[in-house]
Amino acid sequence: MYNSSILKIKIFTLLRICAVFLTLTTFSIPAFSQEEHAEGTEKPFEPSEVILEHIADSHSLHVWDAISIPLPVILYTDKGLEVFSSSHFEHGHADYTGKYYTYRLVSDKVNIVGENNTLAESATVAKWNSSLIDLSITRNVVSMWMGILFLLVIFFSVASAYKKRAGKAPKGLQSVMEPLILFVRDDIARPNIGYKYQRYMPLLLTVFFFIWVNNLIGLIPFFPFGANLTGNIAVTLVLSVITLIIVNVKGNKHYWAHIFIPADVPVWIWPLWWVIELVGIISKPFALMIRLFANITAGHIIVLSLISLIFVFKSLYIAPVSVAFVIFMDVLELLVAALQAFIFTLLTALFIGSAIEEHHH
Amino acid sequence: MNPLVTPEIGLIVWTTVSLAILFILLGKFAWKPIMGALDERERFIEDSLSKAEAAKDEMARLTNENDVLLKQARIERDAILSEAKKVKDQIISEAKDAAHKEGARQIELARIEINNQKAIAMADVKNQVATLSLEIAEKVLRKQFEDSSKQDALVAELLKEVKL
């Protein structure tokens, strides 16, 4: 009885979240239009601008309308570290003079400004800018930490459930997560890696749930969610570089022999073969990087484009059509969120499996 | 280059650091106990299944053994019964034989006794008859041989008759 009521509450909460989600998708119309008003009444609505602004990273956390939370800007310059709040930029309307340089936000990117308040005019300013490393806690970093926090809370509680209820049937969150963990183990790791799968389980599970949770967080359109984290090329780059490193570090002698001394290939072709294999080594994780980035970004772009239709047509009558399509896309994106996490993990497992396979051919 | 496909160094650094921390924390405090518990449970289930299988085999073996034992017991019982029957028959026939013999002996004894008695009785009767005859004869003789001449004549005649 107790359990079922908890489940009902959970389902109810889920429904409520969905309801809020839908209302916000619809109610964000005035928010958008007001923003447009604030920036300039005469300027025509530019959907690509709005969309790209959402897709890209940001130095502040947009909450609602004109309200946004400033995030810390951390800059590593050739003279030293600079830390200050992004509120000093006043959304790109003001420059900030720190300890070493004066900084300006240009399309949400920090640049060093020269003496006469000009951008990269002289060679010295260009040199300063090229050595500037922006380590700011951006919207994507905050979103990622939120996702990590979710993961830690979920899986620590699941792990403690396993400790507390040792030898018993799974219950609650544990029984939700167990099939997913078993899915990663039995349908991703085991068939692709083979009997050595156990060593790669932590990596595969972490990657799978990290991508999935962050995909889902990206789908929720309101504060503090909705950042396009897994659709950011830097994040997918890191994820695919992990795959690249693991595959090539763990690759056994068969793997390297296949690359450097292919058995059935005439020796004179070997140099060409090496080039092809090198391209293969790079292109596999590269495809992983592009696939995840493109899928998630495309989803965000489509949803935003559909919402933008309302402003492009400047008519509220298009709203039901837009919302209907957005709902359809969101449902599709829910599938894509899980699917992309699955594909990324599956291909990582596949690459690892082929690199540590005992008998080639 | 389009900012969309230009990886930002800052985000790369933070992603790497955060993922590393996440990996270490989850690996140590989540995946290890979870995978361990799952493996253990699977081992337990497998163990239980094989144990159940073994128990089933054992059960079948025991049932088989029971059957064999039962069959053996039945055979033994039959053997004992037939043995007992044989013994009974033997005892009865022996008893019958003995009774027969005893009866025959008794009859024989009785016959001998009867014969004896008969002989005794006959002897007695003979004695009586003899005594009686003698008495009669005496009386007769006494009457006849009141005179001595007749006595002498008879003695002489008798002597003639006696063949010794």
Side-chain angles (χ1 to χ4, degrees), chain A residues 52 55-57 74-76 107-109 133-138 140-141 144-145 147-148 151-152 154-156 158-163 165-170 174 177-178 181-182 185 198 201-203 205-207 209-210 229 231-239 241-242 289-290 293 297, chain B residues 1-70:
Chain A
L52 283 179
I55 295 300
D57 210 350
I74 302 167
L75 300 173
Y76 186 78
S107 57
D108 241 320
K109 283 201 171 49
I133 297 171
D134 185 356
L135 294 173
S136 304
I137 310 299
T138 58
N140 275 335
V141 176
M144 177 167 61
W145 287 350
I148 285 175
L151 287 173
L152 290 178
I154 290 169
F155 287 106
F156 279 9
V158 169
S160 78
Y162 274 104
K163 273 184 209 150
R165 302 172 43 78
K168 287 186 194 161
Q174 191 192 4
M177 287 305 158
E178 186 173 310
I181 294 167
L182 288 179
R185 192 191 66 179
Q198 243 154 353
M201 279 310 290
L203 173 80
L205 285 168
T206 308
V207 167
F209 285 108
F210 178 81
L229 178 71
N232 189 297
I233 195 91
V235 175
T236 61
L237 174 81
V238 172
L239 287 168
V241 164
I242 291 171
M289 172 179 84
I290 296 297
F293 155 76
T297 301
Chain B
M1 206 159 144
N2 193 323
L4 215 56
V5 288
T6 315
E8 298 266 358
I9 187 83
L11 195 53
I12 290 177
V13 169
W14 286 118
T15 309
T16 311
V17 170
S18 309
L19 260 178
I21 293 169
L22 178 74
F23 178 74
I24 290 165
L25 285 178
L26 281 183
K28 197 161 179 182
F29 299 111
W31 305 138
K32 210 173 158 191
I34 291 172
M35 296 311 292
L38 286 175
D39 281 348
E40 194 156 317
R41 192 198 300 153
E42 256 152 46
R43 249 202 312 277
F44 175 73
I45 291 169
E46 220 158 277
D47 237 44
S48 303
L49 282 177
S50 64
K51 267 183 196 158
E53 191 68 23
K56 213 178 84 183
D57 285 354
E58 179 72 15
M59 197 70 188
R61 201 180 61 78
L62 280 177
T63 314
N64 211 22
E65 217 164 70
N66 274 357
D67 278 357
V68 168
L69 276 177
L70 210 65

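The analysis underlying the following values was restricted to heavy atoms, covering all of them including side chains, and did not include hydrogens, waters or symmetry mates. Lettering of chains follows the sequences in order, A, B, ..., and the numbering in each one begins at 1.
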Over all heavy atoms of both residues, which pair between B/P33 and A/A159 is shortest? Give the atoms and the distance, please. CG-CB, 3.9 Å
Work out which heavy atom in A/L135 is nearest to a heavy atom in B/G10; give both atom names and the distance. CD2-CA, 3.9 Å
Most chain B-contacting option - heavy-atom pairs closer than 4.5 Å, from A/W145, A/F293, A/Y162: A/Y162
Once rounded to the nearest 0.5 Å, what's the spacing between atom CZ of A/R185 and atom CE of B/M35? 5.0 Å
Closest approach of A/P170 and B/R41, non-hydrogen atoms and distance? CD-NH2, 3.7 Å
Non-hydrogen side-chain atoms of B/L19 and A/L239 separated by less than 4.5 Å: yes
Between B/L11 and A/N232, does a side-chain contact (heavy atoms from CB on, under 4.5 Å) hold up when you go through it step by step? CA-CA 9 Å; B/L11 195 53; A/N232 189 297; 3.3 Å; yes
Return the minimal non-hydrogen interatomic distance between A/A234 and B/I12, and the atom names on each side. CB-CG1, 3.7 Å
Is it the backbone or the side chain of A/Y76 that comes under 4.5 Å from a heavy atom of chain B, or both, or neither? neither
Please flag which part of A/V238 lies under 4.5 Å from any non-hydrogen atom of chain B: side chain, backbone, both or neither. side chain
Looking at A/T297, A/I74, A/I181, which one has more heavy-atom pairs under 4.5 Å with chain B than the rest? A/I181
Does any part of the side chain of B/I34, heavy atoms only, come nearer than 4.5 Å to the side chain of A/E178, both counted from C-beta? no
Show the numbers, then the answer: is there a side-chain contact (heavy atoms from CB on, under 4.5 Å) between A/F155 and B/W31? CA-CA 8 Å; A/F155 287 106; B/W31 305 138; 3.7 Å; yes
Closest heavy-atom pair, A/S136 versus B/W14, reported as atoms and distance to 0.1 Å, is O-NE1, 3.4 Å
In this structure, are over 12 heavy atoms from other groups packed under 6.0 Å from B/E46 atom CD? no
Side-chain contact test, heavy atoms from C-beta onward, threshold under 4.5 Å: evaluate it for A/L205 versus B/L26 and give yes or no. no
Quick check: closest heavy atoms across A/T206 and B/F23, and the distance to 0.1 Å? OG1-CD1, 3.7 Å
Quick check on B/E40 against chain A: is it the side chain, the backbone, both or neither that has a heavy atom closer than 4.5 Å? neither
